[in-house]
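Protein chains get the first letters and strands the later ones, always in sequence-line order, with residue 1 at the start of each.
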Amino acid sequence: MSEENTKPQTRSYVPPHKKGIKPVPGSTPLSSESSGYESRSNSGYGGYGGYGRRDGGYSSGGYGRSSYGSRNNNNGGNSSRPPRGQGRWVDGKHVPAARDTTLEKTLYGEEGDSKFQSSGINFDNYDDIPVDASGDDVPEAITEFTSPPIDSLLLENIKLARFTRPTPVQKYSIPIISTGRDLMACAQTGSGKTGGFLFPVLSEMFKNGPSEVTEDNRFSKNKAHPTALVLAPTRELASQIYDESKKFIYRSWVKATCVYGGADFTTQVRNLARGCDLLVATPGRLNDLLERGKISLKNIKYFVLDEADRMLDMGFENQIRYIVEQCDMPPANERQSLLFSATFPKEIQHLARDFLNDYIFLSVGKVGSTSENITQKIIYVENEDKESTLLDILAADEESGNGLTLVFVETKRMADILSDYLYSNNFPANSIHGDRTQREREKALEMFKSGREPILVATAVAARGLDIPNVTHVINFDLPGDIDDYVHRIGRTGRAGNTGVATAFFNRGNKNISKDLIELLTEANQEVPQFLSSISREFGRGGPSRGRSGGSRDIRRSGNYRSSGNSSYGNSSYGNSSYGNSSYGNSSGGYGNSSGGYGSGRQFNLSSNTNSNSSSSSSQWW
DNA sequence: AAAAAAT
């Protein structure tokens, strides 16, 4: 039994140029409450050790100091002065708050700090992005942020945040959502999806004010009645969306709140009770709050699923169905449902239709896809060589630049092992995964973002949506089993039109992904290493392909659904229980109608402005 | 198989 075969040992490889350097100068190891290095490991491999923690202080919501509004109930009277930057809706009119330059510095950053820079988008790299929108009556895209259709106060906030031009997905999502349509939007990682739903939703909320019911109830002492609900698959992503929303609700009547697990329940309930018009949440905690009667969804006008394919996969689907179908949210035809993701497998699109009403399918960028801004390298590394190879790569990175490196592994245990290993080899690394406490997770993320610990070892918890500026390298130490997961992971770099590098360790254990990987690399104009092709062939078609070419095209256009009659949905894979009661068969619901239906897609090319209708069959770019 | 998400 050689030890090499069991698990990584903490060998003492020290790159020559690093000899004598102490890890993380000037910063403390992760568990700052204890001193020893060993204590960096998390508390609970064996289960959900992290859940029981009552580490207060995480829940967010509301602007001002805690003294604001905590004394009076904020019950709509004029007795309490609203927090800084908090506007009001009075007698059917929007009364924005006065500007507050101090608050603006907090929200939007100042020249030189990281917040300020993070808004910079390299629009040159958005040229020539193919866009496809299908569905009935697709509205024209906008080309600039203008009022109309964007509310003038929101427009000011967008300018303050230095978003100068709409990204491709925003050019389409804004008019689609502003005209009241449902949307399934598929857009490349890092291409502005959050603004894609926040801008139009907030714009409409600013213009229309609270619903009448909301006006009666939204300050009721113990029950929040949000107008918009945004669901996200991880706590950190929910938190990020909430932080982003604060930039745009500035001075408006809208109050935003964020709820998720691992943070103090009471604090979140108190924040909700202060008024909640835009609610950002993860499913578990939201369910909990719904069951305890702290939130009502009866005023929901906008329902957003971010990372929608993830939200509808097996681990989440039941919780989402409970929230949407078993509580008091209005039915699909009385609300707007907006689904966003970088990938949208066919099966998930089928499921998603239960939540949508006559939606527009929007696809921006190539197939479910990786941008060419990311240089992808696949290298052959046997499992036992992974650690030393990683050290070599990190050492080389350190020589050449100062960006952040995100290392993905498959298991929580490996995340800890590897981060400890790196740390003991003088690389300032930390880890993030679901068995760590929320405090540890947020600390690790903050240390990473700030560059004080520029190497983060992560599980799938960090794969989606997180927008971390300056991640220059994503390393798939373990490749995921699913190509879509790979797409999301490497999308943590190369964001906002910038460039990045993604390296993956591949060996025969990853043969199942080889075929999809080759397709993806080919589409993104990346080099396909020879060993990859031969292993793919060697294992006969390289394992099951989910058919990436379906990864982001509208299932309604795949041929089986084109009939103008009611009879031929034909496809047997379709027979889930919702089939009979949803909108397929009726003539108003979209499928059976004769008004052109879903074969009539529109394809656009933003750079050349060829906004002409075209037949869907002739120019498939996917 | 694993990860995530409520206590």
Side-chain angles (χ1 to χ4, degrees), chain A residues 42-56 58-59 229-241 258-269 272 280-295 305-324 326-327 341 348 383 406-418 431-438 440-442 445 457-466 476-486 488-489 492 509-513 543-544:
Chain A
N42 70 61
S43 54
Y45 290 148
Y48 289 102
Y51 279 177
R53 296 301 181 90
R54 288 283 181 190
D55 34 18
Y58 283 106
S59 60
L229 172 65
V230 180
L231 291 180
T234 65
R235 299 164 184 174
E236 285 77 12
L237 181 54
S239 179
Q240 174 182 297
I241 295 166
C258 188
V259 299
Y260 50 78
D264 184 63
F265 192 90
T266 313
T267 309
Q268 290 184 354
V269 171
L272 286 168
V280 187
T282 50
R285 179 59 64 91
L286 176 60
N287 278 338
D288 200 359
L289 288 159
L290 285 165
E291 279 166 8
R292 298 193 199 199
K294 302 300 182 188
I295 295 171
L305 275 184
D306 199 12
E307 306 297 343
D309 61 335
R310 174 75 185 86
M311 300 304 279
L312 295 176
D313 81 10
M314 282 197 343
F316 270 126
E317 188 198 343
N318 286 341
Q319 293 184 67
I320 305 301
R321 283 197 185 278
Y322 174 79
I323 291 165
V324 178
Q326 309 293 316
C327 298
S341 183
I348 302 291
N383 287 340
L406 188 52
V407 182
F408 281 104
V409 295
E410 271 300 88
T411 65
K412 293 180 273 201
R413 182 173 171 74
M414 182 54 97
D416 281 325
I417 292 171
L418 195 55
S431 72
I432 185 168
H433 61 72
D435 275 352
R436 306 203 74 179
T437 65
Q438 194 56 29
E440 288 170 328
R441 285 165 59 159
E442 294 185 12
L445 198 54
V457 185
T459 60
V461 71
R464 285 172 171 267
L466 295 186
N476 275 289
F477 187 89
D478 301 318
L479 273 164
D482 184 323
I483 191 69
D484 286 343
D485 292 338
Y486 173 82
H488 284 275
R489 286 179 180 189
R492 297 317 98 212
N510 307 113
K511 64 183 186 327
N512 282 344
I513 204 181

With sequence neighbours excluded, tell me which residues meet salt bridge (charged side-chain N to carboxylate O under 4.0 Å, His left out) with Glu291(A).
none

Check this one for me: any side-chain N or O of Thr459(A) less than 4.0 Å away from OP1 or OP2 of dA2(B)?
no

Reckon Arg441(A) touches a base, only the sugar-phosphate, or nothing at all at heavy-atom distances under 4.0 Å?
sugar-phosphate

Round to the nearest Å and state the distance from Gln438(A) atom CD to dA4(B) atom P.
11 Å

Spacing between Glu307(A) atom CD and dA5(B) atom P, to the nearest angstrom
13 Å

Please confirm whether any donor atom in the side chain of Arg310(A) sits under 3.5 Å from an acceptor in the base of dA4(B), or the reverse.
yes

Between dT7(B), dA3(B), dA4(B), which nucleotide has the shortest distance from any of its atoms to the side chain of Thr411(A)?
dA3(B)

Rounded to whole angstrom units, what separation is found between the CD atom of Glu410(A) and the P atom of dA1(B)?
13 Å

May I ask you to evaluate whether Arg292(A) reaches the phosphate of dT7(B), defined as a side-chain N or O under 4.0 Å from OP1 or OP2?
no

OP1 or OP2 of dA4(B) less than 4.0 angstrom from a side-chain nitrogen or oxygen of Arg436(A), does that happen here?
no

Give a yes-or-no answer on whether the side chains of Arg436(A) and Ser431(A) include a donor-acceptor pair shorter than 3.5 Å.
yes

From the options dA5(B), dA6(B), dA3(B), select the nucleotide whose nearest atom is closest to the side chain of Gln319(A).
dA5(B)

Rounding to an integer number of Å, can you tell me how far Asp478(A) CG sits from dA3(B) P?
11 Å

dA4(B) P sits how many Å from His433(A) NE2, rounded?
8 Å

Remember a base hit wins even if backbone is also touched, and classify Gly261(A) as base, sugar-phosphate or nothing at under 4.0 Å, heavy atoms.
sugar-phosphate

Interatomic distance, Arg464(A) CZ vs dA2(B) P [rounded to whole Å]:
20 Å

Do Met311(A) and Pro283(A) touch side chain to side chain, with heavy atoms closer than 4.5 Å?
yes

Just so I know, are the side chains of Val259(A) and Lys294(A) near enough to count as touching, which here means a heavy-atom distance under 4.5 Å?
no

If you check every side-chain atom of Thr282(A), which of dA4(B), dA6(B), dA2(B) has the closest atom?
dA6(B)

Looking only at side-chain N and O atoms, does Arg285(A) come under 4.0 Å of OP1 or OP2 in dT7(B)?
yes

Separation of atom CG in Leu286(A) from atom P in dT7(B), rounded to whole Å
13 Å

Looking only at dA3(B), dA1(B), dA5(B), the nucleotide nearest the Lys412(A) side chain is dA3(B)

In chain order, what residues pass the side chain to side chain contact (heavy atoms under 4.5 Å, CB included) check against Ala462(A), with sequence neighbours excluded?
Phe408(A), Ile432(A), Ala458(A), Leu466(A)

Nearest to the Phe316(A) side chain among dT7(B), dA5(B), dA4(B), which nucleotide is it?
dA5(B)

For Met414(A) and dA3(B), what is the distance between atoms CE and P respectively, to the nearest whole Å?
11 Å

